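Notes follow the structure.
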Amino acid sequence: MIKAIKGVKDLLPEESPRWRFIEDTARRWALCYGFQEIRVPIFETTTLFARSIGATTDIVEKEMYTFADRDGSSLTLRPEGTAGTVRAFIEHNRAADPRPQKYCYVGPMFRHERPQAGRLRQFHQFGVESFGVSDPRADVEVMSLLWRLLSDLTLPGLTLEINNLGYTEDRAQYTPILVAFLKNVESRLCGNCRRRIEANPLRVLDCKVPDCRLATEDAPRLTDSLSPAARDHFESVTAGLQSVGIPFHLNPRLVRGLDYYCLTAFEVTCSHLGAQNAVGAGGRYDGLVEQLGGSAVPAVGFAVGLERIALMLPETVALPTRPRVYVAAFGTQAVKVGFTLLDELRRTGVPADMDFRAASLKAHLRQADRLEALYTIFLGDDEITKGVATVRNMQTKAQEDIAISQLPAALQTRLIHG
RNA sequence: GUGGGUGUAGCUCAGUUGGUUAGAGCGCCGGAUUGUGGAUCCGGAGGUCGCGGGUUCGAAACCCGUCACUCACCCCA
């Protein structure tokens, strides 16, 4: 038996209504905030991701699905959505169009990780990117959209955490100070954090090991190295969040895993979600467009993990939609008439179905019941000779005879008026 | 990449200190007098017990290996 490869999932018909509900809700809220959908390719040239996400990040170093095209050029399945969106923004010279430009996207992403709860190799994200506005209200707008969207989905135990990462220069100034401190307490840190002192010192502050937390309790804070401009921006962001009533927690240790973030970084976590409890995250990335060859365009955005939302979504929110009319045709003549009737119903917009295997009326009715049909049309040879069919209301069990030629119109009105 | 847990019917799971044709519930198909669903009753189909080796007169069970799934580390949405 050929099986799906590790870390990818089939979405079976029973669960697809939940996913459609999530995606529709996300698009609706994005539209409400003025974001419009962009669809960019699933794969891109490898250097796009290396240059935007950061060559030394885990994603680029060991998680990308990279392969050679037939001409030998290196391609990569997208591990996130921002890089491709920024590439499209630059390539189509959208910076020349009126700003701001606000995009949203939804689709599969690929990272070669060990699967676990809430983490797959092919997973799905919904995200937004707002280009062209450095005003802190753009940060607030994006966080507000994220918060309202997740709240509307009635996910339990949501928390919004935010931090100020400052400008690149601020971090460049802070990093040596932090490294010096960490080297002093190195003996108290876990093995991972010792390695991180050189590779990614900011991450040490985000370590969950209790001893590391203790050891870094008095570490110099990034906040103290921030430039006045960075402080002002962040103060406006927090004031803006308060003004629109979005609850948040300051988390000075919050660090994002992608190199391109600056100033505002945020993350929404969800309780009861297992170890992978970040349901959505994002931040500002003012330097990225320029870094990828565009003009200096500020930007801010977020991404949410759809699998993680689906894990938390209450069972009851989405129901499948199915054909409401069942055609029960039995008998040699009636089977032929029934098939053309079925097609005519569908052609005129009546959602209808029929089980081609069923030979007895009993089998037909069982199937109609299973499909939760509202009406069943009885079509036997008796009916054919009379030119009428019996229409049974499956809930009230009331039956009436209707001329076969009148059935599509009759069922249309019955479905509308109940 | 590193650990832990679990692999028996389509699904959820029983299966005693190793013992003969491997079970249940749900689901599926059919029947309960000829053309009326859901309930009930009856019947049926469906399994190389993840795979390979070993121990044994005998293995779903014990041992070794392997693969898959899963949770966690790591990382991230």
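Throughout, a chain's letter reflects where its sequence line sits, starting with A, and its residues are numbered from 1. These figures come from a predicted structure and were not determined experimentally.
Using P as the reference atom, rU8(B) and rC51(B) are 10 Å apart when rounded to the nearest Å. Annotation: rG15(B) and rA9(B) have their P atoms spaced 15 Å apart (nearest Å). Straight-line distance between the C1' atoms of rU56(B) and rU20(B): roughly 16 Å, to the nearest whole Å. rU66(B) sits 13 Å from rG4(B) when the P atoms are compared, rounded to a whole Å. The same atom, P, is picked in rA39(B) and in rC49(B); the two are 34 Å apart, to the nearest Å. One C1' atom belongs to rA22(B), the other to rG46(B), and the distance between them is 14 Å to the nearest Å. Going from the P atom of rC62(B) to that of rG3(B) covers 23 Å, rounded to whole Å. Of the P atoms belonging to rC67(B) and rG10(B), the separation is 25 Å, rounded to the nearest Å.
Put simply, CZ on R114(A) is 14 Å from P on rG5(B), counting in whole angstrom units. Remark: P of rC76(B) and CD of E267(A) are 10 Å apart, rounded to the nearest angstrom. Atom C1' of nucleotide rC67(B) and atom NZ of K6(A) are separated by 9 Å, given to the nearest angstrom. Between the C1' atom of rA77(B) and the CG atom of L155(A) lies a distance of 13 Å, rounded to the nearest Å. Here the C1' atom of nucleotide rC29(B) and the CZ atom of F356(A) are 19 Å apart, to the nearest Å. With rounding to whole Å, E113(A) atom CD is found 9 Å from rC74(B) atom C1'. Summarising the geometry, the separation between CZ on F126(A) and P on rC76(B) is reported as 22 Å, rounded to the nearest angstrom. Distance, L120(A) CG to rA72(B) C1': 15 Å, rounded to whole Å.
Using a 30° and 60° split on the angle between ring planes, Y65(A) and F110(A) fall in the perpendicular class, above 60°. Between F356(A) and F339(A), the angle of the ring planes goes over 60°, which puts this pair in the perpendicular group of the 30/60° scheme.
G274(A) comes within 4.0 angstrom of sugar-phosphate atoms only, judged by non-hydrogen atoms across all strands, and of no base.
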side-chain hydrogen bond (donor to acceptor under 3.5 Å, both in side chains) assessment of D139(A) paired with H233(A): CA-CA 10 Å; D139(A) 309 37; H233(A) 183 93; 2.9 Å; yes
Evaluate the salt bridge (charged side-chain N to carboxylate O under 4.0 Å, His left out) criterion for residues D401(A) and K386(A): first the C-alpha distance (whole Å), next the side-chain angles of each, then the deciding distance (0.1 Å), finally the verdict. CA-CA 10 Å; D401(A) 286 350; K386(A) 285 187 278 184; 5.0 Å; no
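For rC76(B), the base has a donor-acceptor partner in the side chain of R308(A) [N/O atoms by modelled type, under 3.5 angstrom]. Contact of Q116(A) with rC74(B) (side chain to base): a donor-acceptor pair of N or O atoms is detected under 3.5 Å.
A salt bridge links K62(A) with D58(A): the closest approach of a Lys/Arg side-chain nitrogen to an acidic carboxylate oxygen falls below 4.0 angstrom.
In this structure, the side chain of R78(A) does not engage the main chain of F43(A) through any donor-acceptor pair within 3.5 Å. With R308(A) contributing its side chain and G118(A) its backbone, the two residues share a donor-acceptor pair below 3.5 Å.
Checked by atom type, the side-chain pair S225(A)/D170(A) shows no donor-acceptor distance below 3.5 Å.
Side-chain atoms of D58(A) lie closest to rC74(B) of the nucleotides rC74(B), rC73(B), rC29(B). Here the side chain of A363(A) is nearest to one of rA77(B), rG30(B), rC28(B), namely rG30(B).
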Which dot-bracket string describes RNA chain B (Watson-Crick N1-N3 plus N6-O4 or O6-N4, or G-U N1-O2 and O6-N3, all under 3.5 Å; [ ] crossing; | other strand)? (((((((..((((.....[...)))).(((((.......))))).....(((((..]....))))))))))))....
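Atom OG1 of residue T154(A) and atom CG of residue L313(A) lie 6.0 Å apart, to the nearest 0.5 angstrom.
For rC74(B), the OP1/OP2 oxygens have no side-chain nitrogen or oxygen of R111(A) closer than 4.0 Å. At the phosphate of rC28(B), OP1 or OP2 sits under 4.0 Å from a side-chain N or O atom of R370(A).
Looking at every heavy atom in both residues, N251(A) comes nearest to E161(A) through ND2-OE1, 2.7 Å.
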In B/S/- notation, 5' to 3', how is nucleotides 34-52 of chain B contacted by protein heavy atoms closer than 4.0 Å? -BBBB--------------
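The residue from T238(A), L146(A), V140(A), L241(A) that alone fulfils the side-chain contact (heavy atoms from CB on, under 4.5 Å) condition with I246(A) is L241(A).
Looking at which nucleotide of RNA chain B each of A117(A) and V304(A) is closest to, the 5′-most match is held by A117(A). Summary of the strand contacts: P115(A) and R119(A) both lie near RNA chain B, and taking for each the nucleotide with the nearest heavy atom, the more 5' one is attributed to P115(A).
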